[in-house]
Number of protein chains: 2
Amino acid sequence: MVPELDEGLPLERIKDFSLEELLGMAIKAEIGARKFYESLAERIDIEALKEKIQWLAGEEGKHEALLRRMYGTMFPGKEVVFPKEHIGPELRPVARELHGVQDIIDLIRWAMKAEEIAAHFYEELEKIVDTEEKKRLMRYLSDMEKGHYYTLRAEYELLLDWEMYGQMMHVGP
Amino acid sequence: MVPELDEGLPLERIKDFSLEELLGMAIKAEIGARKFYESLAERIDIEALKEKIQWLAGEEGKHEALLRRMYGTMFPGKEVVFPKEHIGPELRPVARELHGVQDIIDLIRWAMKAEEIAAHFYEELEKIVDTEEKKRLMRYLSDMEKGHYYTLRAEYELLLDWEMYGQMMHVGP
């Protein structure tokens, strides 16, 4: 267990929460993921990887904005409710110094897990929301998180062979 | 059939080519994909989508560089051989004016198809290359293309409801 990841509740607990709460959880998770990637990017000096992580941070920021707009149309004038609980792993900012590539590998593995569950979370939300429009948005977010998962898995795979990573990405060891 | 996509040979034809030829095809396909995305981005005035497509173009450019380095280590001093044939769909630059969102939707659907087959193509190459290092690179490329596939599928899904796309992405219709 790394400090940047809280395992959260299992996916089947979705039924215990209202749609309003679930959307609040989703927004909170996107904020957490953005801060996680921002703080991770700050601590990485491999330029190619740093850029990719910064890109992920930007994407999560866009998802937050999109979810807030959706929340606004569904609950006009209401402040977003952020439940204490959350479904699935929640990423937190990286507050420590990273020592070597193994630390980065560990964090990316957790981020993969969080992205994978986030994709399933949105798939479950798709079943709960009532209009085709909202279902479409949930499919959008689910597919985007799947895209992130594979992007991370690709980097993870190369990082496992650090010598080759440096050689292929033209970075110093 | 859209003019920007040549269906190419089926995946099982891989066995008819040498590894050198297959790598040449892969490099050619990455160049084609980059030019396709670059030309598509130029013809799209939806800022959010334009940026995503430009990002894809940049990624394909990096894959080309990575494959060329790999080719260089495997066939030192040799010019890359580009076979006339290619396995799976090959994307070509968009040379025409696009009229409306349906044209964009069609092109993105074809790009999804090309990315999906490219992911499988690299999975097949993984079986053919001889060292763990090269297999790792093939898994990297395969996962990246899967990431592209899901990123495109997400955009495709939203574009199908054009009114909502404008509303959610804060763009004009």
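Below, read A as the first sequence line, B as the second, and so on, with proteins coming before strands; counting in each chain starts at 1. What's counted below: heavy atoms across the whole structure, side chains too, no hydrogens, waters or symmetry copies.
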Contact class of [X] relative to chain B, heavy atoms under 4.5 angstrom:
X      : result
A/E115 : neither
A/L160 : both
A/E59  : side chain

Report, as yes or no, whether the 6.0 Å neighbourhood of atom NZ on A/K35 holds more than 12 heavy atoms from other residues, nucleotides or ligands. no
Using distance alone, with no hydrogens and no angle criterion, decide if B/Y140 and A/E155 have a side-chain donor and acceptor under 3.5 Å apart.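 The criterion, which ignores hydrogens and geometry beyond distance, is satisfied for A/E155 and B/Y140.
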So how far is it from B/L158 CG to A/L66 CG, rounded to the nearest 0.5 Å?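 Atom-to-atom, B/L158:CG and A/L66:CG are 7.0 Å apart.
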From B/E51 atom CD to A/K62 atom NZ, the distance as rounded to the nearest 0.5 Å: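 Going from CD on B/E51 over to NZ on A/K62, the span is 5.5 Å.
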Which residue pairs satisfy the ring pair (Phe, Tyr, Trp, His ring centres under 6.0 Å) criterion with at least one member in residues 19-73 of chain A, sequence neighbours excluded? A/W55-A/H148, A/W55-B/W55, A/H63-A/H148, A/Y71-A/F75
Would you please name every residue forming a side-chain hydrogen bond (donor to acceptor under 3.5 Å, both in side chains) with A/R139, sequence neighbours left out? A/E126, A/E132, B/E157
Among the options B/R153, B/K146, B/R136, pick out the one with the most heavy-atom pairs lying under 4.5 Å from chain A.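 Of B/R153, B/K146, B/R136, B/R136 has the most heavy-atom pairs under 4.5 Å with chain A.
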For A/A154 and B/D143, which heavy atoms make the closest approach, and how far apart are they? CB-CB, 3.7 Å
